[in-house]
Amino acid sequence: MKLNCDLGESFGLWQKGDDQAIMPYIDLANIACGFHASDPLTMLKTVKLALKHEVTIGAHPGYPDLLGFGRRSMLYPADELTAIIHYQLGALQAICHSENTRVSYVKPHGALYNDMMNNLAIFTCVCQAIKKIDPKLPLMIQALPDPAPYQQIAGEYGLSLWFEAFADRHYQDNGLLVSRSESNAVIHDSEQVVERCRHLKQHGQLLSINGKPLTLQVDTLCVHGDNPAAVELVCQLSKLLA
């Protein structure tokens, strides 16, 4: 399993997360593209930091919601949502091109990610949008006990999927994430996070918030860069996954 993290989420003078400390320990950087967070210079600095540490770069597009950090659902017709994704992916592609590198995958952010996982019509729109830009770009989605519906749709558009589990998030019994509107959605106890990831590595299972075993096919583990314990977590998890 590879380790991924949402990075480049500062904006102007407002700083979020410690990208400098996190980047050396991860394999995949999901870089914000300017709509839920980030700005052109932050994107450029994050791309350069990823190159310095030989970290694979992914686009992390979200809803146009700087005030809400992309964590509020927004209803868009398919053509507008497609354009929103293209705008952000194109921006990061241009910055990567200027540094002689490239975007290697796509992982939607926040509410767009959750909406995609809860609504197959939105998931289909995301797949269509990626195919129009580059069908060779994998789409990173949440690992679920039954990924078949998502695999079928992605296959229709020639896309490959990377399945991720969330190291620092609680799960519902159905395999979806506990909503961030709940106070216990994020796990801040580093020891608890590491222990549940160790169990996942050894047994292929995560436990839901109610203790239900969830059997998951997982390619990569995610730690959120805005988790206050993020630096400590990525250090420990990089050792666990080595």
Side-chain angles (χ1 to χ4, degrees), residues 3-74 76 80-116 126 129-130 133-134 137-141 162 164 166 168-169 180 186 220 222-231 233-234:
L3 191 57
N4 80 80
C5 192
D6 304 340
L7 297 177
E9 293 184 317
S10 298
F11 180 71
L13 297 177
W14 180 71
Q15 296 298 303
K16 193 170 186 69
D18 191 347
D19 294 3
Q20 292 277 353
I22 291 172
M23 194 74 80
Y25 296 99
I26 64 173
D27 305 293
L28 308 167
N30 318 313
I31 298 180
C33 301
F35 271 28
H36 78 273
S38 197
D39 55 71
L41 184 57
T42 297
M43 291 167 68
L44 177 60
K45 289 179 178 178
T46 310
V47 166
K48 288 183 175 181
L49 187 62
L51 285 173
K52 177 181 176 181
H53 295 285
E54 299 181 343
V55 172
T56 301
I57 294 168
H60 198 40
Y63 288 130
D65 181 24
L66 284 172
L67 289 178
F69 197 62
R71 288 180 176 159
R72 300 180 292 191
S73 291
M74 295 182 166
Y76 287 100
E80 190 170 2
L81 181 56
T82 296
I84 286 170
I85 294 170
H86 285 173
Y87 188 99
Q88 295 174 83
L89 181 53
L92 186 60
Q93 281 183 323
I95 289 175
C96 284
H97 183 73
S98 74
E99 296 300 314
N100 297 310
T101 188
R102 64 187 180 88
V103 173
S104 294
Y105 64 94
V106 178
K107 174 189 169 180
H109 164 83
L112 176 56
Y113 185 101
N114 292 334
D115 290 348
M116 170 186 78
V126 172
I130 295 172
I133 296 295
D134 185 354
L137 289 175
L139 171 61
M140 188 183 294
I141 72 168
W162 289 355
E164 71 170 338
F166 292 86
D168 54 355
R169 291 290 303 274
R180 281 188 177 267
V186 179
T220 177
C222 176
V223 173
H224 289 92
D226 61 328
N227 187 326
V231 177
L233 286 177
V234 295

Asks: Can you tell me which residue pairs pass the ring pair (Phe, Tyr, Trp, His ring centres under 6.0 Å) test with a partner in residues 6-25, sequence neighbours excluded?
Replies: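 Checked against ring pair (Phe, Tyr, Trp, His ring centres under 6.0 Å) - neighbours excluded - no pair reaches residues 6-25.
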
Asks: Tell me, do Asn114 and Arg180 make a side-chain contact under 4.5 Å, heavy atoms counted?
Replies: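 Sidechains of Arg180 and Asn114: no contact.
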
Asks: Is it true that, when you exclude Arg102 itself, more than 12 heavy atoms of the residues, nucleotides or ligands shown sit nearer than 6.0 Å to its CZ?
Replies: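 No - once you tally the heavy atoms of other residues, nucleotides and ligands closer than 6.0 Å, there are 12 at most.
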
Asks: Are Leu137 and Leu89 packed together at the side-chain level, in the sense that at least one heavy-atom pair is separated by less than 4.5 angstrom?
Replies: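 Result yes, sub-4.5 Å side-chain heavy-atom pair found.
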
Asks: Is the closest side-chain heavy-atom distance between Thr46 and Glu9 below 4.5 Å?
Replies: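 Heavy-atom side-chain distance check fails, nothing below 4.5 Å.
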
Asks: Check side-chain contact (heavy atoms from CB on, under 4.5 Å) between Ser38 and all other residues, then give those that pass, not counting sequence neighbours.
Replies: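 Ser38: side-chain contact (heavy atoms from CB on, under 4.5 Å) contacts with Ala32, Thr42, Met43.
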
Asks: Show me the donor-acceptor pairs within less than 3.5 Å that the side chains of residues 55-69 make with the rest of the protein, sequence neighbours left out.
Replies:
unit_1 : atom_1 : unit_2 : atom_2 : d
His60  : ND1    : Lys107 : O      : 2.7
His60  : NE2    : His109 : ND1    : 3.2
Tyr63  : OH     : Met74  : O      : 3.4
Tyr63  : OH     : Asp115 : OD2    : 2.7
Asp65  : OD1    : Gly68  : N      : 3.0
Asp65  : OD1    : Arg72  : NE     : 3.3
Asp65  : OD1    : Arg72  : NH2    : 2.5
Asp65  : OD2    : Arg72  : NE     : 3.1

Asks: A quick test of your reading: do over 12 heavy atoms of other residues, nucleotides or ligands sit less than 6.0 Å from CD of Gln20?
Replies: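 Not buried by this count: 12 neighbours or fewer within 6.0 Å.
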
Asks: Kindly determine whether Leu112 and Leu81 satisfy side chain to side chain contact (heavy atoms under 4.5 Å, CB included), including the steps that lead there.
Replies: CA-CA 10 Å; Leu112 176 56; Leu81 181 56; 4.1 Å; yes

Asks: Starting at CH2 of Trp162, measure out to CD1 of Ile141 and round the result to the nearest 0.5 Å.
Replies: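 Rounded to the nearest 0.5 Å, the CH2-CD1 separation comes to 13.0 Å.
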
Asks: Taking His36 for its side chain and Arg71 for its backbone only, find out whether a donor-acceptor pair lies under 3.5 Å.
Replies: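 Flag not set: sc His36 to bb Arg71 has no pair under 3.5 Å.
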
Asks: Can you give me the closest heavy-atom contact between Gly12 and Asp39, atom names plus distance?
Replies: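 Between these two residues, the closest heavy atoms are N-OD2, 2.7 Å.
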
Asks: Between Glu164 and Cys222, which heavy-atom pair has the shortest distance, and what is it?
Replies: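 Minimum heavy-atom contact is OE1-CB, 3.1 Å.
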
Asks: Taking the side chain as everything from C-beta on, heavy atoms only, tell me whether Met23 gets closer than 4.5 Å to Ile26.
Replies: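 Yes. Closest side-chain heavy atoms under 4.5 Å.
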
Asks: For Lys45, is the NZ atom crowded, meaning more than 12 foreign heavy atoms sit under 6.0 Å from it?
Replies: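 It does not: Lys45 NZ has 12 such atoms or fewer within range.
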
Asks: Just one of Thr220, Asn30, Asn4 clears the side-chain hydrogen bond (donor to acceptor under 3.5 Å, both in side chains) bar with Tyr105, so which one?
Replies: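 Among Thr220, Asn30, Asn4, the one meeting side-chain hydrogen bond (donor to acceptor under 3.5 Å, both in side chains) with Tyr105 is Asn30.
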
Asks: Give, for atom NE2 of His86 and atom CD1 of Ile130, the distance between the pair rounded to the nearest 0.5 Å.
Replies: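 So the NE2 of His86 and the CD1 of Ile130 are separated by 8.5 Å.
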
Asks: Shortest non-hydrogen contact from Val234 to Leu3?
Replies: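 Scanning both residues completely, I find the closest heavy atoms to be O-CD2, 3.8 Å.
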
Asks: Using only atom types and a distance under 3.5 Å, with no angle test, would you say the side chain of Gln88 pairs donor to acceptor with the backbone of Ile84?
Replies: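 Indeed, once roles are kept as given, a pair shorter than 3.5 Å links the two residues.
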
Asks: Looking at Asp19 and Leu49, what are the two nearest heavy atoms and their distance?
Replies: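 So the two residues come closest at O-CD2, 3.6 Å.
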
Asks: Other residues, nucleotides and ligands only: do more than 12 of their heavy atoms fall within 6.0 Å of NE2 on His53?
Replies: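 For His53, atom NE2 is crowded (more than 12 foreign heavy atoms under 6.0 Å).
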
Asks: So which atom in Ile95 and which in Val47 form the shortest heavy-atom distance, rounded to 0.1 Å?
Replies: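 Closest heavy-atom pair between Ile95 and Val47: CG2-CG2, 4.0 Å.
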
